[in-house]
**Q** 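Below is one structure. I have some questions about it.
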2 protein chains.
Amino acid sequence: MKISAQEEFGLRCLLQLARAQATGETLTLSQIAGREGISVANAGKLMWILNKAGLVQSQRGIKGGYHLARPTSEIHLNQVISVLDGERVDSHCKSYAGVLDACVHTGDCGIRPVIVELHQIVANALAGITLSQLLDTEANVDATLHQIQITKQRTEQRA
Amino acid sequence: MKISAQEEFGLRCLLQLARAQATGETLTLSQIAGREGISVANAGKLMWILNKAGLVQSQRGIKGGYHLARPTSEIHLNQVISVLDGERVDSHCKSYAGVLDACVHTGDCGIRPVIVELHQIVANALAGITLSQLLDTEANVDATLHQIQITKQRTEQRA
DNA sequence: TCTAAACCTTACTTTAAAGTCAACTTTAGT
DNA sequence: ACTAAAGTTGACTTTAAAGTAAGGTTTAGA
């Protein structure tokens, strides 16, 4: 229940494109990779996943590059996160019959609905945040950090 | 951003103890492992982590076993989840200076507050659920599955 | 006080995810 | 058409998480 490296870098790449989009420019793989400090190969893999999911669009050839497929206000975090960890195997089902449908969709084991519900809660929380909101957050780091401290204290009191 | 195998089985073990607690009994490692279909060694490791975190208490010796340290209504999911994946390394910081404090607490890189905020959102969502609520869910599987379908549709519309 | 049941702990093995590399395909410009 | 820049794809290597095993420590009861 943590954000993986792949999820984080994918999100970072999207934010790069979002900033570029403001001035109407596209970014090449080398530009994206260079700014994030990751290899071009790794950035290419991430962008391929995001492209396949319809979040970004690419232009091949000598004047090519990547740009967002939609405005930042229409990209919700649950889409980004679910795409980026979509390849991972479901841990619970692996230890059971091995057939995903056998327990996710029929609920034939007692705990499965609980796990599904937890994932649903997280997805709903993430669905409430858009890329444009994140950009605002980033532009106002100090205020956000302060807000996080308050939220943290509340959570600890609650706990 | 998924529940790992360790998190899931740890949660399952707690639910076992919660059910046992209703009748006042404690469970041995073999009982827990047997009911969950995992090895005694693995169950022992999980219970050791939960014990260290103060979520369960153990009694050694020939009449020993495990029981919950608190009532089910006082155990919130964010505690359980954070303890069970607490050992994992933070992916982002690994790729930077390598010192955790350098970016989590000072916010000296632009994206870090965003990631911290995402984790906080998830933690808050999980903090709103207790073990006793999960037990209710489990006891009413069909209704929950139906509810999940509705929530899912709403999320997709939103997306 | 001796023993067996049961928990505690560390080290090792296995397995899956993350990241890298290299060859291929496409496209804009000359 | 040719070429060089840029995206696409699949195979390979590395690394960290998950699971296993074995020995140690504690405790209740005979």
Side-chain angles (χ1 to χ4, degrees), chain A residues 1-13 17 25-34 36-53 55-67 69 84-96 98, chain B residues 1-13 17 25-34 36-53 55-67 69 83-95 98:
Chain A
M1 188 53 62
K2 272 185 178 176
I3 291 177
S4 73
Q6 189 161 215
E7 288 163 0
E8 173 165 342
F9 281 120
L11 186 54
R12 290 164 65 93
C13 292
L17 292 178
E25 51 181 340
T26 64
L27 295 180
T28 68
L29 264 192
S30 336
Q31 288 175 317
I32 295 172
E36 294 301 339
I38 58 179
S39 71
V40 174
N42 197 14
K45 191 179 185 181
L46 286 171
M47 296 312 288
W48 177 73
I49 292 173
L50 294 173
N51 187 8
K52 198 174 58 171
L55 291 173
V56 304
Q57 287 175 349
S58 65
Q59 178 66 37
R60 292 180 130 183
I62 195 170
K63 279 282 186 184
Y66 290 94
H67 60 97
L84 287 170
D85 71 358
E87 315 274 334
R88 280 203 273 174
V89 186
D90 192 304
S91 61
H92 169 84
C93 294
K94 191 178 54 182
S95 63
Y96 274 72
Chain B
M1 188 53 61
K2 271 185 178 175
I3 291 177
S4 73
Q6 190 162 214
E7 288 164 359
E8 173 166 342
F9 280 121
L11 186 56
R12 290 163 67 92
C13 291
L17 291 179
E25 50 182 340
T26 65
L27 295 181
T28 68
L29 264 191
S30 336
Q31 287 175 317
I32 295 171
E36 293 302 339
I38 59 178
S39 70
V40 174
N42 197 14
K45 191 180 186 180
L46 287 171
M47 296 312 288
W48 176 73
I49 292 173
L50 294 174
N51 187 8
K52 197 174 58 174
L55 290 173
V56 303
Q57 287 175 349
S58 65
Q59 177 66 35
R60 293 181 127 180
I62 195 169
K63 279 282 186 183
Y66 290 94
H67 61 97
V83 159
L84 287 170
D85 70 357
E87 316 275 334
R88 279 202 274 174
V89 187
D90 192 304
S91 61
H92 169 83
C93 294
K94 192 178 53 181
S95 61

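Not measured: the values here are computed from a predicted model.
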**Q** Rounded at 0.5 Å granularity, tell me how far CD1 in Ile32(A) sits from CD1 in Ile38(A).
**A** 8.5 Å
**Q** Within the 4.5 Å heavy-atom criterion, are Asn42(B) and Met47(B) side-chain neighbours or not?
**A** no
**Q** For the pair made of CH2 in Trp48(A) and P in dT25(C), what is the distance, rounded to whole Å?
**A**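 These atoms are roughly 17 Å apart.
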**Q** Atom NZ of Lys52(B) to atom C1' of dT10(C): distance rounded to whole Å?
**A**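 Whole-Å distance recorded here is 13 Å.
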**Q** Can you check whether Ser58(B) has a side-chain N or O nearer than 4.0 Å to OP1 or OP2 of dC8(C)?
**A**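 Yes.
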**Q** To the nearest Å, give me how far apart CD (Gln6(A)) and P (dA16(C)) are.
**A** 17 Å
**Q** Listed by chain and number, what are the side chain to side chain contact (heavy atoms under 4.5 Å, CB included) partners of Gln59(A), not counting sequence neighbours?
**A**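 In terms of side chain to side chain contact (heavy atoms under 4.5 Å, CB included), with neighbours along the sequence ignored, Gln59(A) is linked to no residue.
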**Q** Who pairs with Gln57(B) by side chain to side chain donor-acceptor pair (under 3.5 Å), at least two apart in sequence or on another chain?
**A**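 Partners of Gln57(B) by the side chain to side chain donor-acceptor pair (under 3.5 Å) criterion come out as none, since no residue qualifies.
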**Q** For nucleotides 20-30 of chain D, give me one character per nucleotide, 5' to 3': B if any protein heavy atom sits under 4.0 Å from the base, S if the only such contacts are to the sugar-phosphate, - if neither.
**A** BB---BBBSS-
**Q** Could you pull out all residues at least two apart from Ser30(B) that satisfy side chain to side chain contact (heavy atoms under 4.5 Å, CB included)?
**A**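 For Ser30(B) the side chain to side chain contact (heavy atoms under 4.5 Å, CB included) partners, ignoring immediate neighbours, are Thr28(B).
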**Q** Which value, rounded to the nearest 0.5 Å, describes the distance between Cys13(B) atom SG and Gln31(B) atom CD?
**A** 12.5 Å
**Q** To the nearest Å, how far apart are Ile49(B) CD1 and dA18(D) P?
**A**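 Whole-Å distance recorded here is 10 Å.
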**Q** Tell me which nucleotide among dG7(D), dC7(C), dG19(D) gets nearest to the side chain of Phe9(B).
**A**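 For the Phe9(B) side chain, the nearest candidate turns out to be dG19(D).
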**Q** Expressed in angstrom and rounded to an integer, what is the separation of Met47(A) atom CE from dT26(C) atom P?
**A**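 Whole-Å distance recorded here is 20 Å.
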**Q** Which whole-number value in Å describes the distance from Leu46(B) CG to dT9(C) C1'?
**A**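 Checked: the CG to C1' distance equals 15 Å.
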**Q** Using whole Å, report how far CG of Leu29(A) lies from C1' of dA5(D).
**A**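 The distance from CG of Leu29(A) to C1' of dA5(D) comes to 12 Å, rounded to the nearest Å.
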**Q** Go through the structure and list residues passing side chain to side chain contact (heavy atoms under 4.5 Å, CB included) with Thr26(A), not counting sequence neighbours.
**A** His67(A)
**Q** Is there a side-chain polar atom (N or O) of Asn51(B) under 4.0 Å from OP1 or OP2 of dC8(C)?
**A** yes
**Q** Calculate the interatomic distance between Glu36(B) atom CD and dG19(D) atom C1'; express it in whole Å.
**A**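 Atom CD in Glu36(B) sits about 16 Å away from atom C1' in dG19(D).
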